[in-house]
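Everything below concerns the one structure shown next.
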Amino acid sequence: MPELAEVEFFRRRWDVGVGQKIAAVTLHSEKRIFRGNDFTTLTRVLPDARLLASEARGKQMLFRFSHDAWLGLHLGMTGELRHEPAEFSAGKHDHLVLAQARQSLVFSDPRLFGRVLFHYGASVPEWWSSLPSALTSDAFTLERMQAFLQRRARSPLKGVLLQQEFFIGIGNWMADEILWRAKLHPSRAAGQLTDEESRTIWKAVRFVCEGALRIVSKDYSDPPPSWLFRHRWEKGGRCPKDGSELGRATIGGRTTAWCAKCQPR
DNA sequence: GGAGTTGTTTAGGA
DNA sequence: TTCCTAAACAACTC
């Protein structure tokens, strides 16, 4: 589920607990989402710490607590955040529960592709500060994007758009949406675009990121029917622009939908 | 029962 | 060396 806007939606779900202390922490520490963590410090510091603030960048979230505690969360393929009553008891897939006086903050992830990163220190953890800048920020310039496409010149556009080291937050559906709007075939090599084409893709990245954040992160609504999103998984789905049947294939390692008419090779 | 899933990491080939 | 692909991870649905 979670790409850029879905992650932002889930992050806000924990806003209800901002300003309040953690009373108890329950976790399934043996699960792989916790790998690499210092549990001794985590279980000593986090209970009794107060949730101060949070932010999302791409598909990564950072929760800041008092007592120099920081929690990074990644939702993987099936993770989600929610809140439950204070005396909630964790279900099978509820791998991290932060109990507060008024509610419990829950991180669940059936498929365990997510990640929890705990950091103890006065300043922002390195794994957060080293993330690339947001695609909706001024740092996402056409020139920087073109340079990245050239470094991945022989890869299909679809695969390059999924690379989080630059296109932070873009996932499978957003990548298809961007290429459909830019009228570019997902198999086109990243290094073979004209200036006009790369400008179009740059604009489409902006449009899809901003639109998804506006529409999806508010209340998890779907984008409108004019977006490819609404048709890409339908059986016999059709292009919302010209009504022709969508193609489907594995490109860049992921299932990809496109319109053969709008997006010629 | 088999295939497929909106993500990342890693091994190994090119 | 650098780039690129496929498999692995794990649980669930159709």
Side-chain angles (χ1 to χ4, degrees), chain A residues 1-11 28-37 56-61 72-81 90-96 107-117 127-128 130-132 135 147-181 186-192 205 208-209 211-213 215-217 220-223 227-237 246-258:
Chain A
M1 307 250 260
E3 303 180 21
L4 183 71
E6 291 88 347
V7 169
E8 174 64 13
F9 170 80
F10 285 125
R11 180 191 69 78
H28 300 157
S29 62
E30 78 287 2
K31 299 294 185 186
R32 63 191 301 273
I33 57 169
F34 287 103
R35 64 193 180 278
N37 279 293
R57 173 88 63 88
K59 298 174 190 170
Q60 186 75 42
M61 290 171 283
L73 297 182
H74 191 292
L75 299 172
M77 198 87 101
T78 52
E80 67 167 31
L81 302 188
K92 184 180 172 191
H93 303 304
D94 301 326
H95 305 304
L96 176 67
F107 171 44
S108 66
D109 181 9
R111 233 172 129 180
L112 296 169
F113 289 175
R115 189 81 193 257
V116 177
L117 291 171
W127 44 257
W128 181 265
S130 63
L131 287 176
L135 300 177
F148 185 73
L149 294 185
Q150 283 312 318
R151 269 188 310 226
R152 297 282 181 273
R154 293 189 348 251
S155 292
L157 284 172
K158 172 63 182 270
V160 175
L161 278 172
L162 292 173
Q163 305 216 332
Q164 302 297 300
E165 61 188 273
F166 187 77
F167 291 106
I168 184 169
I170 291 184
N172 206 22
W173 80 254
M174 291 180 78
D176 284 0
E177 189 78 36
I178 288 162
L179 292 171
W180 175 72
R181 284 181 185 273
S187 292
R188 291 275 305 274
Q192 301 293 317
V205 169
V208 171
C209 287
L213 282 169
I215 298 161
V216 180
S217 59
Y220 219 89
S221 358
D222 286 342
W227 286 43
L228 179 67
F229 178 93
R230 292 281 288 270
H231 313 276
R232 62 191 298 278
W233 292 127
E234 285 171 7
K235 210 173 168 191
L246 299 175
R248 173 138 9 140
T250 298
I251 300 171
R254 307 296 301 280
T255 301
T256 301
W258 74 95

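Chain A is the first sequence line, chain B the second, and so forth, proteins listed ahead of strands; every chain is numbered from 1.
Of the candidate nucleotides C:dC4, B:dT8, C:dC12, C:dC4 has the atom nearest to the side chain of A:Arg154. When distances are taken from the side chain of A:Lys59 to each of C:dC9, B:dT8, C:dA11, the shortest belongs to B:dT8. Taking the side chain of A:Glu3 as heavy atoms from C-beta on, and the options B:dG7, C:dC4, B:dT5, the nearest nucleotide is B:dG7. Of all nucleotides listed (B:dT5, B:dG7, C:dA11), B:dT5 comes nearest to the side chain of A:Trp233. Listed nucleotides: C:dC12, B:dG7, C:dC4. Nearest to the side chain of A:Lys92: C:dC12. Closest to the side chain of A:Pro156, out of B:dG7, C:dT5, C:dC12, is C:dT5. In this structure, the nucleotide among B:dT8, C:dA11, B:dG4 sitting nearest to the side chain of A:Gln164 is B:dT8. Set against C:dT5, C:dA11, B:dG7, the side chain of A:Leu112 has C:dA11 as its closest nucleotide.
Taking atom CD of A:Glu165 as the reference point, atom P of B:dG7 lies 16 Å away to the nearest angstrom. At whole-Å resolution of the value, CG in A:Leu73 and C1' in B:dG7 are 15 Å apart. Remark: P of C:dC9 and CZ of A:Arg115 are 16 Å apart, rounded to the nearest angstrom. Look at CH2 on A:Trp173: it is 16 Å from C1' on B:dG7, rounded to the nearest Å. Taking atom CZ of residue A:Arg151 and atom C1' of nucleotide C:dT1, one finds them 16 Å apart after rounding to whole Å. As a whole-Å value, the separation of A:Met77 CE from C:dA11 P is 14 Å. Separating the CD atom of A:Gln163 from the C1' atom of B:dT9 is a distance of 13 Å, rounded to the nearest angstrom. Taking atom NZ of A:Lys31 as the reference point, atom C1' of C:dC9 lies 13 Å away to the nearest angstrom.
OP1 or OP2 of B:dG7 lies within a sub-4.0 Å distance of a side-chain N or O belonging to A:Arg254. Residue A:His74 has a polar side-chain atom (N or O) positioned under 4.0 Å from OP1 or OP2 of B:dT8. Distances shown here put every side-chain N or O of A:Thr78 at or beyond 4.0 Å from the OP1 or OP2 atom of B:dG7.
A:Gly171 comes within 4.0 angstrom of sugar-phosphate atoms only, judged by non-hydrogen atoms across all strands, and of no base.
Where stacking is scored as ring centres under 5.5 Å apart with planes under 30°, A:Phe113 registers as stacked on the base of C:dC9.
Rounding to the nearest 0.5 angstrom, the gap separating the CG atom in A:Leu246 from the CD atom in A:Glu234 is 8.5 Å. To the nearest 0.5 Å, atom CZ of residue A:Phe167 and atom CG of residue A:Leu4 are 13.5 Å apart.
Taking a pair as Watson-Crick or G-U wobble with both distances under 3.5 Å, the runs of three or more consecutive pairs in DNA chain C are B:2-5 with C:11-14, B:7-14 with C:2-9.
Side chain of A:Glu80 to backbone of A:Phe10: no donor-acceptor contact under 3.5 angstrom is found. Put simply, the side chain of A:Arg230 gets close to the backbone of A:Pro223: a donor and an acceptor are under 3.5 Å apart. Counting only distance, with no hydrogens or angles, the side chain of A:Asp109 and the backbone of A:His95 share no donor-acceptor pair below 3.5 Å. Between the A:Thr256 side chain and the A:Arg254 main chain, a donor and an acceptor come within less than 3.5 Å of each other. Between the A:Gln163 side chain and the A:Val160 main chain, no donor and acceptor come within less than 3.5 Å of each other.
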Discussion item. Go through it in stages, so that I can follow the logic: the residues are A:Arg152 and A:Glu165, the test is salt bridge (charged side-chain N to carboxylate O under 4.0 Å, His left out), and I'd like the CA-CA distance, side-chain angles, deciding distance and then a yes or no.
Written reply: CA-CA 12 Å; A:Arg152 297 282 181 273; A:Glu165 61 188 273; 3.1 Å; yes
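In this structure, A:Pro110 and A:Gly253 both approach DNA chain C, and ranking their closest nucleotides by distance from the 5' end singles out A:Gly253.
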